[in-house]
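Notes follow the structure.
Whatever order the structure lists ligands and atoms in, that order sets their numbers, starting from 1.
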Amino acid sequence: MIYTLTLNPSLDYMIEADNVSLGKLNRTTSEAKFPGGKGINVSRVLNAMGVESRTLGFIGGFTGEFIENALIAEGIQTSFVKVAADTRINVKLKAEQETEFNAKGPDISSTEYNNLISKIRSLSEGDMLVLAGSIPSSLSEQTYEELIQLCKEQKTEFVVDAEGELLKKILHYQPFLIKPNHHELGQFFQADIISKKQAAHYAKQLVELGAKHVIVSLAGEGAVYVNSELTLFAEVPKGEVKSSVGAGDSMVAGFLSAYQKTKDPAAAFQYSTAAGSATAFSIGLCTDDKVQQLLSQIKIEKKA
Ligand SMILES: Nc1ncnc2c1ncn2[C@@H]1O[C@H](COP(=O)(O)OP(=O)(O)O)[C@@H](O)[C@H]1O
Ligand SMILES: O=P(O)(O)OC[C@H]1O[C@](O)(COP(=O)(O)O)[C@@H](O)[C@@H]1O
């Protein structure tokens, strides 16, 4: 079973406005709300692809209730630890540019954290844990490392989608998959990464440091895949970007879903990239139909 862990879920409040002036009253032209947070998005996209998963993490208050009810309505299994304070609301503004405000989120007590540990202890060989998103500031920066050590003891495979600094500490535990975007990869290596060639150069180093599969996403410029034998570049189709929120999470879900079915990294990478673009071209996350429609437009090129 795939388990997704979202330590800091969010209600994503997506608003559109024609023009935005700081310091003035702005009115929106549309608004929508979605259950959010990286692990939750991975579960929602897996579900859209017909792959079962269970969501773990901390949720609380009316926003937490909204998220859990929405997931259950979609048929997703949830196993959250309930916390006292409200789950955060992240504001995603689409105007001439996309602007995001990700809130800090509630404090997590040590009892609540221990409840999560008990849940993670029940995972075993054959399970996979997807750790995705930021760590709430009330928890230790070592939290991912602690949880990954548990995974290692239990022979549970794991995937990490997190910022560069978090990635640094966990590569030697040999994650099954990591998916930094080019900014996160740049943060990791303190370099400016703007081309696929540069991304591949650094992704190879991540494989040498322990990652089994690495995908680097470069938004509208496409993506790069590297494992110990293979380097692939993906081109993405042009289209109207409605909101790229969750595009990276969709790539993770797309790769896991297709790899589970085919065990073929190239096919999984192509499907993953199609999922990212299908989400970018949607308000909310992709559907399997949208991914299938884009699949043949994702050109995969093998590199030396
Ligand atoms: N402008 C775009 N046009 C087409 N596809 C896009 C665009 N922006 C994002 N995508 C798709 O979404 C994927 C992930 O986007 P990116 O913004 O790099 O990730 P993240 O959400 O993790 O920051 C890309 O690899 C691509 O497949
Ligand atoms: O945990 P973080 O880093 O604050 O990110 C949370 C945000 O990331 C998202 O999961 C979107 O992530 P991506 O656009 O990187 O796929 C939103 O749903 C959520 O608001």
Could you identify the single nearest non-hydrogen protein atom to [atom] and state the distance to 0.1 Å?
atom: atom 22 (O) of ligand 1; result: Lys179 NZ, 3.2 Å
atom: atom 13 (C) of ligand 1; result: Met251 SD, 3.5 Å
atom: atom 19 (O) of ligand 1; result: Ser217 OG, 3.3 Å
atom: atom 14 (O) of ligand 2; result: Gly246 N, 2.8 Å
atom: atom 8 (O) of ligand 2; result: Lys38 NZ, 3.1 Å
atom: atom 24 (C) of ligand 1; result: Ala219 O, 3.5 Å

Atom indices of ligand 2 within 4.0 angstrom of [X] heavy atoms, with elements:
X: Ser134; answer: 1 (O), 2 (P), 3 (O), 4 (O)
X: Asn90; answer: 6 (C), 19 (C), 20 (O)
X: Ser244; answer: 14 (O)

Going by the closest heavy atom to [atom], which one wins out of [options]?
atom: atom 20 (O) of ligand 2; options: Asp12, Leu11, Asn8; result: Asp12
atom: atom 7 (C) of ligand 1; options: Pro180, Gly220, Ser244; result: Gly220
atom: atom 20 (P) of ligand 1; options: Gly276, Gly248, Ser250; result: Gly248
atom: atom 7 (C) of ligand 2; options: Asn102, Leu166, Thr279; result: Asn102
atom: atom 6 (C) of ligand 2; options: Glu184, Lys92, Arg88; result: Arg88

Only heavy atoms of [X], strictly under 4.0 Å: list the atoms of ligand 1 that pass.
X: Ser277; value: 4 (C), 5 (N), 6 (C), 11 (C), 12 (O), 26 (C), 27 (O)
X: Thr273; value: 27 (O)
X: Pro237; value: 4 (C)
X: Val241; value: 1 (N), 2 (C)
X: Leu218; value: 18 (O)
X: Gly222; value: 25 (O)

Side chain or backbone of [X] under 4.0 Å from ligand 1, or both, or neither, by non-hydrogen atoms?
X: His182; value: neither
X: His183; value: neither
X: Asn181; value: side chain

Which bit of Ser250 is near ligand 2, meaning a heavy atom under 4.0 Å away: side chain, backbone, both or neither? neither
Distance alone, cut at 3.5 Å: any donor-acceptor contact between the side chains of Thr143 and Glu146? no
If we ignore hydrogens and angles and just use 3.5 Å, is the side chain of Gln154 paired with the main-chain N or O of Leu123 as donor and acceptor? yes
Min N/O separation Gly36 to ligand 2 under 3.5 Å: no
Assess the pair Phe158 and Tyr173: is the distance between their ring centroids shorter than 6.0 Å? no
Answer yes if the ring centres of Phe269 and His213 are under 6.0 angstrom apart, and no otherwise. no
Would you find more than 12 non-hydrogen atoms of other residues, nucleotides or ligands less than 6.0 Å from Gln77 atom CD? yes
Might you confirm whether atom NZ of Lys263 has over 12 heavy atoms from other residues, nucleotides or ligands at distances under 6.0 Å? yes
Between Lys168 and Phe188, is NZ or CZ placed under 6.0 angstrom from the six-membered ring centre and within 45° of the ring axis? yes
Could you tell me if any non-hydrogen atom of Gly239 lies under 4.0 Å from any atom of ligand 1? no
